[in-house]
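Structure incoming, see below.
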Amino acid sequence: MKMIYRLFFVAALSFVGVNSLSAAPAINADSLWDAANTLYVNGDYKGAVALYEDIEEAGLVSYDLFYNLGNAYFKDDQLGEAIVAYRKAQLLNPSDADVEYNLAVANSYTKDRLNVVPVFFLTRWVRAVADLFSGKVWATLSLIFLVLAAAGLLLFLLAHALPRRKWGLGVAVVSALMFVVSLCFMSSAVAKINKGAEAVIVAESASVKSSPDRASIDLFILHEGTMVEVVTDFGDWNEILLSDGSKGWIRGEQIKRVSFRNDE
């Protein structure tokens, strides 16, 4: 069952254009992990960050890695990088209370206070349900509902008693619907992991321009740690959207995307 689930999840990653999140690295990740943790405990946060980053660059992705990396960044006063790492950890394990708390603490240090455009309640509810579990959990639920749907269909086809046939049909229909729903949530979670539309200001301050040109008008200034959404790219510039609906252009080196792709 574990192997089937793993193949199912990897297939889903491929379906939405995402490479496997557990590439085999050419380094001794265990040694680096232990060394990084030791440096962190001893207060060498820059050294810990460097080793955690080496593990990430090798292609290994895990909740623990990004949680520890976020802590090391935060201790090293790299607020923007810390928020990026915490968000990555949160995407991999949305229900974890520790990363939610640490992310909230990090966000409290940001200077910009933006209003949030109201979202239709149904959309907000769907997003809340989708964020309850990680993509792996939704993949597991999809498999469970698929098996239940198949079992219900078999019972409907093979049972002789009418009550059992009705019961089997009901299980098959409900399970099939839940399979589709959980599959959609899994695809959404996986796409979010690799989309890279979410980004964080990593520069101490950044001028948001009216157009992708250094000589264009300054619309407003954002500070390190503020989260934005990347709408489009134009050369070295990114058009960003803020939670209050404001838009503008910013240089690419002033933001870091919340993405697991090494080329971002």
Side-chain angles (χ1 to χ4, degrees), residues 1-25 29-30 33 55-56 58-67 85-100 103 122-198 258-262 264:
M1 181 67 181
K2 185 176 180 181
M3 179 59 68
I4 295 175
Y5 150 72
R6 186 172 179 81
L7 291 173
F8 181 76
F9 187 65
V10 171
L13 292 174
S14 302
F15 177 75
V16 295
V18 182
N19 293 325
S20 173
L21 298 181
S22 57
D30 290 336
W33 177 256
I55 297 174
E56 180 185 4
L60 284 177
V61 172
S62 74
Y63 164 81
D64 291 330
L65 171 62
F66 291 114
Y67 180 76
Y86 285 144
R87 277 296 293 143
K88 288 183 178 181
Q90 194 173 49
L91 287 174
L92 293 172
N93 191 359
S95 60
D96 187 81
D98 290 335
V99 71
E100 182 179 1
L103 181 58
L122 188 58
T123 302
R124 186 169 63 249
W125 179 82
V126 171
R127 290 177 180 175
V129 173
D131 291 339
L132 286 176
F133 306 115
S134 66
K136 289 184 178 181
V137 174
W138 284 120
T140 303
L141 291 175
S142 297
L143 276 177
I144 293 172
F145 288 126
L146 182 60
V147 171
L148 288 175
L153 183 60
L154 285 175
L155 182 61
F156 171 73
L157 294 175
L158 300 178
H160 297 291
L162 183 59
R164 289 188 177 183
R165 288 172 57 85
K166 289 183 177 179
W167 189 84
L169 180 61
V171 169
V173 171
V174 172
S175 298
L177 290 175
M178 293 305 298
F179 167 75
V180 172
V181 170
S182 55
L183 189 65
C184 290
F185 283 152
M186 182 199 69
S187 299
S188 175
V190 172
K192 187 185 295 183
I193 281 177
N194 204 54
K195 185 179 180 182
E198 186 178 327
V258 181
S259 171
F260 295 93
R261 298 171 68 98
N262 290 330
E264 291 289 358

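Positions are given from 1, in the same order as the sequence printed here.
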K166 NZ to L155 CG distance, which is reported to the nearest 0.5 Å: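 So the NZ of K166 and the CG of L155 are separated by 13.5 Å.
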
Beyond-backbone contact of D64 with W33, side-chain heavy atoms, under 4.5 angstrom: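 Yes, at least one pair of side-chain atoms sits under 4.5 Å.
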
Straight-line distance of L157 CG to L169 CG, nearest 0.5 Å: 9.5 Å

Y63 and D96 side chains, donor-acceptor separation under 3.5 Å: yes

CH2/W167: more than 12 non-hydrogen atoms of other groups inside 6.0 Å: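 Count not over threshold, so no.
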
Any V61 side-chain heavy atom under 4.5 Å of L92 side chain: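 Yes, at least one pair of side-chain atoms sits under 4.5 Å.
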
Donor-acceptor contact below 3.5 Å, side chain S175 vs main chain A172: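 No; judged by distance alone, with no hydrogens or angles, the pair does not exist.
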
Closest heavy-atom pair and its distance - V99, N93: CG1-O, 4.4 Å

F66 side, atom CZ; L60 side, atom CG - distance, nearest 0.5 Å: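 Output value for this atom pair is 9.5 Å.
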
Inter-residue atom distance I144.CD1 - M178.CE, 0.5 Å rounding: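 With rounding to 0.5 Å, CD1 (I144) is 11.0 Å from CE (M178).
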
Mutual orientation of the aromatic rings belonging to W138 and F133 [parallel < 30°, tilted 30-60°, perpendicular > 60°]: perpendicular

Residue pair M186 / A139: nearest heavy atoms and the distance that separates them: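 Answer, listing the atom of M186 first, then A139: SD-CB, 3.4 Å.
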
Donor-acceptor pair, side chain of K88 and main chain of V258, under 3.5 angstrom: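 Such a contact is absent between K88 side chain and V258 backbone.
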
Nearest-0.5 Å distance that lies between atom CZ in F185 and atom CG in L141: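 Here the rounded value is 11.0 Å.
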
Point-to-point distance, once rounded to the nearest 0.5 Å, from CZ of R87 to CD of E198: 4.0 Å

Side chain proximity check, R164 to F156, heavy atoms < 4.5 angstrom: no

